[in-house]
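See structure below.
Fair warning: this is a prediction, and the values are worked out from it, not measured in the lab. Below, all heavy atoms of this structure are taken into account, side chains as well, without hydrogens, waters or symmetry copies. Lettering follows sequence order; numbering is per chain, from 1.
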Amino acid sequence: MVYEAQQGHPGGDFSATDILATLYFGVLRYDPKKPRDPDRDRFVMSKGHCTGAFYSVLAAAGYFPEADLSTYMEPLSMLNGHPNRNYLPGVETNTGPLGHGLPVATGIAIAGQIDNADFRTFVLTGDGELQEGSNWEAALTCAHRKLENLTLIIDRNRLQQGARTEDTASLDPLDDKWRAFGWHVEMVDGHDHAQLLDVLSASPKGRGKPLCVIANTFKGKGVSYMHDNVAWHHGVPNKEQYEQAMRELV
Amino acid sequence: MSAAAPSKSGFFDCRDSFAATIEALAEADPRIVTVVSDSVGSSKLGNFRKKFPDRMVNVGIAEQTLVAVGAGLANGGKVPFVSAASCFITGRALEQVKADIAYSNVNVKLIGQSSGVAYGELGPTHHSIEDLAWLRLFNNMKLIVPADPWQTAEAIKAAAAHDGPVFVRVSRMAVPALERPEGAKFEIGKAETLVEGTDATIIANGTMVHRAVAAAKTLAAEGISARVVNMATVNPLDEAVIASAAETGAIVTVEEHSVRGGLGGAVAEVVATTNPVPMRILGFPGFVPTGSAEWLFDHFGLNEAGIADAVRQTIARKK
């Protein structure tokens with residue numbers, strides 16, 4: 001997609017792919033034919049720039065034909081560079097600017113709490129994105145309201161657009177921060193489907209706290225020259241690089 | 001669901017109307033919830049909280065989350081009324097209003113309380129004279145600036161009935177109930193003509209409408225026939241009423257807002273591109289000096305005398 005569109009954010013796509021695949025094919029309750037079903041589990045893609053991964057998984061989940069992926073970012077495509085709920089079924093809220101997903105997911109989870117509904121709300125943020133203060137506003141409300149029906153997954157690839165997070169505005173100790181905010185924290189290998197499945201599919205009932213899953217990942221996972229390489233936050237492989245990436249990913 | 005009972009002076013705080021209406025709507029529709037940022041008292045929602053403790057979400061002093069939680073509640077099937085000081089719900093959370101509400105096109109009602117210069121002496125940080133200019137850029141968001149208690153109640157009802165984003169700008173400044181013909185109705189996007197006139201048209205909204213009516217009376221005594229239009233909806237504009245106003249040959253707009261980009265700017269966009277006639281835009285020039293709201297209105301000519309003067313001067317520019 002990124003190669004065809006000649007733009008995108010492949011590094012973050014690859015760090016999030018295993019998380020998204022685990023959610024859509026092992027955790028979330030949804031019917032792609034009823035994308036606004038009130039009882040569906042909600043997934044909010046806060047790192048909205050990683051549509052390469054998000055759209056691929058939505059297509060594989062049946063929300064739209066996989067053939068449409070080739071229209072990524074073309075004029076009038078429903079596959080905008082950042083997801084739009086009014087174009088594309090399966091998108092819950094329009095993201096792109098960072099730090100928007102968790103606060104919106106908080107509202108969704110509160111609606112579920114008011115109705116005593118049993119749907120769950122999941123939100124995936126990047127780690128650099130946590131530098132946005134809006135996340136921490138929402139973190140307070142989630143803990144205050146004991147939103148056990150809400151799960152935050154942090155794609156902890158330790159790289160933001162320009163440099164390592166710890167060389168920019170450090171986040172560590174990230175787990176302690178979330179605990180201090182009143183959340184239950186789990187640390188997993190974000191490329192290990194079994195570990196992800198284990199923490200994400202466990203019933204939240206009775207936990208009494210929102211869940212934060214810190215998924216340790218690598219930007220550019222699966223493609224040797226992108227692996228943990230800040231240069232691939234956004235970037236487009238040339239023909240040779242594209243063919244190499246496809247060989248390595250198979 | 002009628003407007004609040006008259007106070008001794010015959011002037012009303014439109015927040016009472018907002019509160020009474022939202023309580024009545026909530027009785028009838030279980031989807032209605034309120035969302036506040038420690039703004040229960042300033043929104044006059046204390047009684048709502050008593051009646052519906054589980055249907056008020058207080059996120060604390062956190063406006064970005066305030067607005068975003070509104071978007072999330074709508075996703076969860078609620079009809080959220082998000083209520084806080086207009087200066088913060090718009091300026092502090094502008095990107096949430098843009099991305100989470102307007103661009104996502106969700107069914108959220110934003111209630112901008114104590115708008116304009118109601119917080120007079122507290123200064124420009126607490127004034128909200130930029131809100132309409134900011135929000136007017138979101139083409140799918142309805143913007144309503146009610147002028148009196150009846151219209152505030154009607155605007156809240158209309159907002160609840162509309163499926164999509166709406167901003168209602170509520171004032172705490174005392175205003176009288178306007179005189180209207182029996183059976184008057186409020187509809188989003190429709191202006192009302194309160195005084196007929198042929199020499200010029202005053203287009204006002206919010207707290208300025210009763211001042212415009214008073215100015216028209218002053219002018220009538222001099223033999224100047226000034227029409228008064230209450231343009232409560234700033235988006236979408238009632239372009240037919242503006243076209244008719246242009247036929248009077250002179251237009252004066254007046255609003256409790258900056259002269260840049262608000263009601264005056266919106267009307268000017270239509271007038272300039274359809275039937276250009278002399279216009280005058282009355283409002284605040286930008287950040288204002290220290291003073292009470294009433295003092296600021298007088299200082300900047302947003303009163304009966306100032307509006308009448310502007311009409312005389314604009315008529316004089318007719319060719």
Using atom types as modelled and distance alone, determine if a side-chain donor or acceptor of T65(B) lies under 3.5 Å from a backbone N or O of A138(A).
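Indeed, once roles are kept as given, a pair shorter than 3.5 Å links the two residues.
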For N75(B), does its backbone N or O pair with a side-chain atom of R42(A) as donor and acceptor, under 3.5 Å?
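Judged by distance alone, yes, a pair lies under 3.5 Å.
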For a 4.5 angstrom cut-off between non-hydrogen side-chain atoms, does H144(A) reach V59(B)?
no
If we only count heavy atoms from C-beta on, is the E137(A) to L66(B) side-chain gap below 4.5 Å?
no
Please list, in residue-number order, every residue in residues 118-132 of chain B that has a heavy atom less than 4.5 Å from any heavy atom of chain A; write 'none' if there are none.
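Listed by number: none.
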Contacts of residues 98-106 of chain B with chain A (heavy atom under 4.5 Å)
A99(B), D100(B), Y103(B), S104(B), N105(B), V106(B)
Residue among A105(A), G107(A), P103(A) with most heavy-atom pairs under 4.5 Å to chain B
G107(A)
So which of N84(A), I108(A), N135(A), T141(A) has the biggest tally of heavy-atom pairs under 4.5 Å with chain B?
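Among N84(A), I108(A), N135(A), T141(A), the one with the most close pairs to chain B is I108(A).
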Straight-line distance of N140(B) CG to N86(A) CG, nearest 0.5 Å
8.5 Å
When rounded to the nearest 0.5 angstrom, what is the spacing between CD1 in I114(A) and CZ in R55(B)?
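Answer for the CD1-CZ pair, I114(A) versus R55(B), is 9.0 Å.
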Would you indicate whether [X], at its atom [atom1], is surrounded by more than 12 heavy atoms from other residues, nucleotides or ligands within a distance under 6.0 Å?
X	atom1	value
R172(B)	CZ	yes
K34(A)	NZ	no
R145(A)	CZ	yes
F25(A)	CZ	yes
L137(B)	CG	yes

What I want to check is whether the side chains of E95(B) and H100(A) have a donor and an acceptor closer together than 3.5 Å.
yes
Is it the side chain or the backbone of I110(A) that comes within 4.5 Å of chain B heavy atoms, both, or neither?
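Both the backbone and the side chain of I110(A) come within 4.5 Å of chain B.
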Below 4.5 Å from any heavy atom of chain B, which atoms of R36(A) appear? Answer side chain, backbone, both or neither.
neither
Residue pair A111(A) / G76(B): nearest heavy atoms and the distance that separates them:
CB-CA, 3.7 Å
